[in-house]
Amino acid sequence: MNERQRARRPGGRSARVGAQVHQAVTDLISERGYGNFTVGEVAARAGVADSSIYRRWGDLETLLTDVALTRLNAQSPMPDTGSLEGDLRTYAAQVAREITGPDGPAVLHLAVALSSSGQRGMQAGADLRAERTRQLQSMLDRARDRGERALDASDVLDHILAPMYIRVLFGMVPLTPDYIDGLVDRLL
């Protein structure tokens, strides 16, 4: 293995820096809101040089988009319980924990702010929807392959994710297990 390959290994310094920068952004969003901090402030909070951020992400908007996409997409893996109902209940509970956790509301607010902040923001929103749809479709395809009722990914977005997101964005929490199960029941 040459030096360049070794430098790209997952879990190394690059991954640590990425995680530190993402956490710094999330903390600053929580404290100040969207648009109220600079790359320099992110760098200082993360303990890295601002040149590292510019080299990796190019600009603040790209960094913010990466944080939103990474946090909202990577934290809720698609369950495989053997049934669509079980998968939906497990997934909905995971998403509820994710968006009501310490960083959840900040990340949701960031995603909303990015989605309404011009052309790049609209692309970030489209990327987020596309990734969520892709993830959901894998679960729905498994259900269809088992002979279960075929749902559309947009149905899951509209009837399970959107109501939970709205409740968190407007401070209507907690998302109780009964509430989450009711969302799944109404969809099924």
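Quick caveat: nothing in here was measured; it's all calculated off a predicted structure.
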Determine the minimum heavy-atom distance between [X] and [Y], stating which atoms define it.
| X | Y | result |
| --- | --- | --- |
| Ala96 | Met164 | CB-SD, 3.9 Å |
| Pro163 | Tyr179 | CB-OH, 3.4 Å |
| Leu60 | Phe37 | CD2-O, 3.5 Å |
| Ala143 | Leu84 | CB-CB, 3.8 Å |
| Ala106 | Ser30 | CB-OG, 3.1 Å |

From [X] atom [atom1] to [Y] atom [atom2], the distance as rounded to the nearest 0.5 Å:
| X | Y | atom1 | atom2 | value |
| --- | --- | --- | --- | --- |
| Gln137 | Ser154 | CD | OG | 9.5 Å |
| Tyr165 | Ile99 | OH | CD1 | 6.0 Å |
| Leu140 | Asp152 | CG | CG | 8.0 Å |

Answer yes if the side chains of [X] and [Y] hold a donor-acceptor pair under 3.5 Å, and no otherwise.
| X | Y | value |
| --- | --- | --- |
| Asp141 | Ser138 | no |
| Asp103 | Thr26 | no |
| Asp178 | Thr176 | no |

Residues 180-188, side-chain donor-acceptor partners within the protein, below 3.5 Å, at least two apart:
residue, atom, partner, partner atom, Å
Asp181, OD1, Arg89, NH1, 3.3
Asp185, OD1, Arg89, NH1, 3.3
Asp185, OD1, Arg89, NH2, 2.3
Arg186, NH1, Gly182, O, 3.4

Taking the side chain as everything from C-beta on, heavy atoms only, tell me whether [X] gets closer than 4.5 Å to [Y].
| X | Y | result |
| --- | --- | --- |
| Leu157 | Leu136 | yes |
| Leu175 | Arg97 | no |
| Leu64 | Val67 | no |
| Thr65 | Leu110 | no |
| Met78 | Asp87 | no |

Taking only Lys NZ, Arg NE, NH1 and NH2, and the carboxylate oxygens of Asp or Glu, determine whether [X] and [Y] approach each other closer than 4.0 Å.
| X | Y | answer |
| --- | --- | --- |
| Glu31 | Arg45 | yes |
| Arg146 | Asp80 | yes |
| Asp66 | Arg56 | no |

Can you check whether Thr38's main-chain N or O pairs, donor with acceptor, with Glu41's side chain at less than 3.5 Å? yes
Judged by atom type as modelled, is there a donor-acceptor pair below 3.5 Å linking the side chain of Asn36 to the main-chain atoms of Arg32? yes
Show your reasoning for whether side chain to side chain contact (heavy atoms under 4.5 Å, CB included) applies to Leu88 and Met139. CA-CA 9 Å; Leu88 287 172; Met139 176 175 46; 3.8 Å; yes
Go through it in stages, so that I can follow the logic: the residues are Asp59 and Ile53, the test is side chain to side chain contact (heavy atoms under 4.5 Å, CB included), and I'd like the CA-CA distance, side-chain angles, deciding distance and then a yes or no. CA-CA 8 Å; Asp59 59 25; Ile53 293 174; over 6 Å; no
